[in-house]
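Sequential numbering from 1 along the given sequence is applied to the chain's residues.
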Amino acid sequence: MSAGGSSAGTVGSVRLPSAFEDYADESLAQAPAGGPGKNGRLEATVARPGDGPTRLIRDRVTVPYHLTGTLDTDPAPGLATLIAQEPTGGVAQGDRHRMAIDAHPGARVHVTTQSATKVHSMAANYAHLDASLRAAEGSYLEYIPGPTIVNEDARCLQTVSVDLADEAVVVVADVLVPDGLTDHEPFDFDHYHARVEAEYDGRLVCADAVDLRPDERNPRDLASIGEFSVVGSLYVFAPGKDGPVTDQAAKATADTHRPALEPLVDALHDRIGADERVRAGVSRLPADAGAIVRLLGHREADVTELLREAWDELRHRTLGVGAPADRRY
């Protein structure tokens with residue numbers, strides 16, 4: 001795993017690692033990269049009037065994304081659920097999927113996917129899954145997609161950018177499953193690069209990456225993943241002062257608390273650190289901007305379960321309720 005990497009070119013506002021620039025030069029026989037049906041976009045803006053429910057006030061969706069509105073089944077008061085659907089059944093070479101979620105002051109939203117994301121085998125080019133998350137003052141935004149399953153010879157770039165205002169809380173999760181759905185060994189993909197960057201008040205507070213290139217470096221190296229296969233990450237971005245939200249724009253969510261970071265880190269470690277099915281680490285971000293949980297395990301089910309445990313702990317400390325039931329599986 002790496003916390004950096006070279007990046008010369010850009011796609012939109014996303015900096016491309018140099019290896020993916022080379023992949024982008026490879027033409028596709030069936031359809032151009034990012035062409036019709038391969039350039040998915042999901043843009044959604046949510047707002048919360050007073051202490052009422054959060055509403056979807058603007059959306060724009062293109063194939064292969066599909067959106068059927070919001071759900072109000074979350075136990076947290078006023079929190080709406082957005083499920084990004086992909087009727088195509090997976091991610092193929094040349095696909096470019098971009099998601100942009102904008103949470104207005106005081107809004108609460110949980111964004112997820114209908115199932116795991118299956119990244120199919122590739123002969124050329126690459127797939128890019130990008131999410132841009134903007135959280136205004138006093139808002140609460142979760143991006144908790146299903147696991148990413150990467151198949152043989154696949155090249156997958158995942159990028160998440162987070163822009164936080166004061167007293168906002170953003171939670172991002174990611175689970176990598178490297179053995180795919182076909183009969184092959186784990187880590188038989190070409191390249192997997194997942195990068196998360198967060199800015200608060202115009203300052204970069206997190207830049208973290210998982211960069212795996214099995215042909216160049218064995219992921220089983222003890223300095224990388226070692227004996228494990230599945231990698232899970234949970235990012236908690238919560239800048240501002242500890243205690244209740246008091247910003248004028250966020251009075252509607254005065255029952256939302258930014259978690260005190262030192263007790264949060266200790267609680268997360270106590271809850272998941274002793275489980276022998278995984279190796280877990282919890283760290284504070286610089287400038288008291290939040291915390292990161294990293295999990296390594298042998299089974300996707302174990303890593304996902306422990307990630308939910310950490311997410312549940314965070315929710316109790318911010319919203320006063322636990323994680324919602326997962327009805328996808």
Under a 3.5 Å distance rule, please check whether [X] uses its side chain to pair with a backbone N or O of [Y] as donor and acceptor.
X: Arg284; Y: Asp288; value: no
X: Gln93; Y: Ala124; value: yes
X: Arg41; Y: His97; value: no
X: Asp188; Y: Glu185; value: yes
X: Asp275; Y: Ile272; value: no
X: Asp74; Y: Ala76; value: yes
X: Thr70; Y: Leu56; value: no

Pair [X]-[Y], side-chain donor/acceptor within less than 3.5 Å:
X: Thr113; Y: Glu86; answer: no
X: Arg220; Y: Ser229; answer: yes
X: Ser121; Y: Asn151; answer: no
X: Ser233; Y: Arg294; answer: yes
X: His104; Y: Ser139; answer: no

Distance in Å, [X] [atom1] paired with [Y] [atom2], rounded so as to fall on 0.5 Å steps:
X: Leu306; Y: Arg279; atom1: CG; atom2: CZ; value: 11.5 Å
X: Arg277; Y: Asp302; atom1: CZ; atom2: CG; value: 4.5 Å
X: Thr112; Y: Asp326; atom1: OG1; atom2: CG; value: 7.0 Å
X: Lys38; Y: Asp95; atom1: NZ; atom2: CG; value: 4.0 Å
X: Ile101; Y: Glu142; atom1: CD1; atom2: CD; value: 13.0 Å
X: Gln158; Y: Arg195; atom1: CD; atom2: CZ; value: 11.5 Å

Asp163 and Leu133: CA distance, side-chain angles, deciding distance, side-chain contact (heavy atoms from CB on, under 4.5 Å) verdict: CA-CA 6 Å; Asp163 185 4; Leu133 312 175; over 6 Å; no
Validation row, ring centre His110 to ring centre Trp311 under 6.0 Å: yes
Atom CZ of Arg203 with >12 non-hydrogen neighbours under 6.0 angstrom: no
Side-chain heavy atoms under 4.5 angstrom apart, residues restricted to Ile, Leu, Val, Met, Phe, Trp, Tyr: same cluster for [X] and [Y]?
X: Leu261; Y: Leu268; answer: yes
X: Leu314; Y: Val278; answer: yes
X: Leu79; Y: Leu67; answer: no
X: Ile144; Y: Val321; answer: yes
X: Val119; Y: Val303; answer: no

Report yes if some heavy atom in the side chain of [X] is under 4.5 Å from a heavy atom in the side chain of [Y]; otherwise report no.
X: Val172; Y: Phe237; answer: yes
X: Leu82; Y: Val109; answer: yes
X: Asp59; Y: Thr45; answer: no
X: Ile292; Y: Leu285; answer: yes
X: Leu212; Y: Leu176; answer: yes
X: Cys156; Y: Phe189; answer: no
X: Glu197; Y: Arg15; answer: yes
X: Leu295; Y: Leu307; answer: yes

From Val160, Asp130, Leu129, Val111, residue fulfilling side chain to side chain contact (heavy atoms under 4.5 Å, CB included) relative to Met99: Val111
side-chain contact (heavy atoms from CB on, under 4.5 Å) evaluation trace for Leu264 with Asp266: CA-CA 5 Å; Leu264 173 64; Asp266 291 342; over 6 Å; no
Salt bridge between [X] and [Y], side-chain N to carboxylate O under 4.0 Å?
X: Asp312; Y: Arg308; value: no
X: Asp211; Y: Arg213; value: yes
X: Arg58; Y: Glu43; value: yes
X: Asp102; Y: Arg134; value: yes

Heavy-atom pair with the smallest gap, counting every atom of Met122 and Ala127: CE-CB, 3.5 Å
Glu300 versus Val230, closest heavy-atom pair with distance: N-CG2, 3.7 Å
Passing candidate, side-chain hydrogen bond (donor to acceptor under 3.5 Å, both in side chains) with Glu313, options Arg317, Arg315, His316: Arg317
Face-on cation placement of Arg96 at Tyr126 ring, 6.0 Å and 45° thresholds: yes
Parallel, tilted or perpendicular, as decided by the 30° and 60° cut-offs, for the rings of Tyr23 and His191: perpendicular
Whether Phe228 and His298 hold their rings parallel, tilted or perpendicular, with breakpoints at 30° and 60°: tilted
Residue pair Gln114, Gln85: steps toward the side-chain contact (heavy atoms from CB on, under 4.5 Å) verdict: CA-CA 5 Å; Gln114 68 185 27; Gln85 300 167 312; 3.1 Å; yes
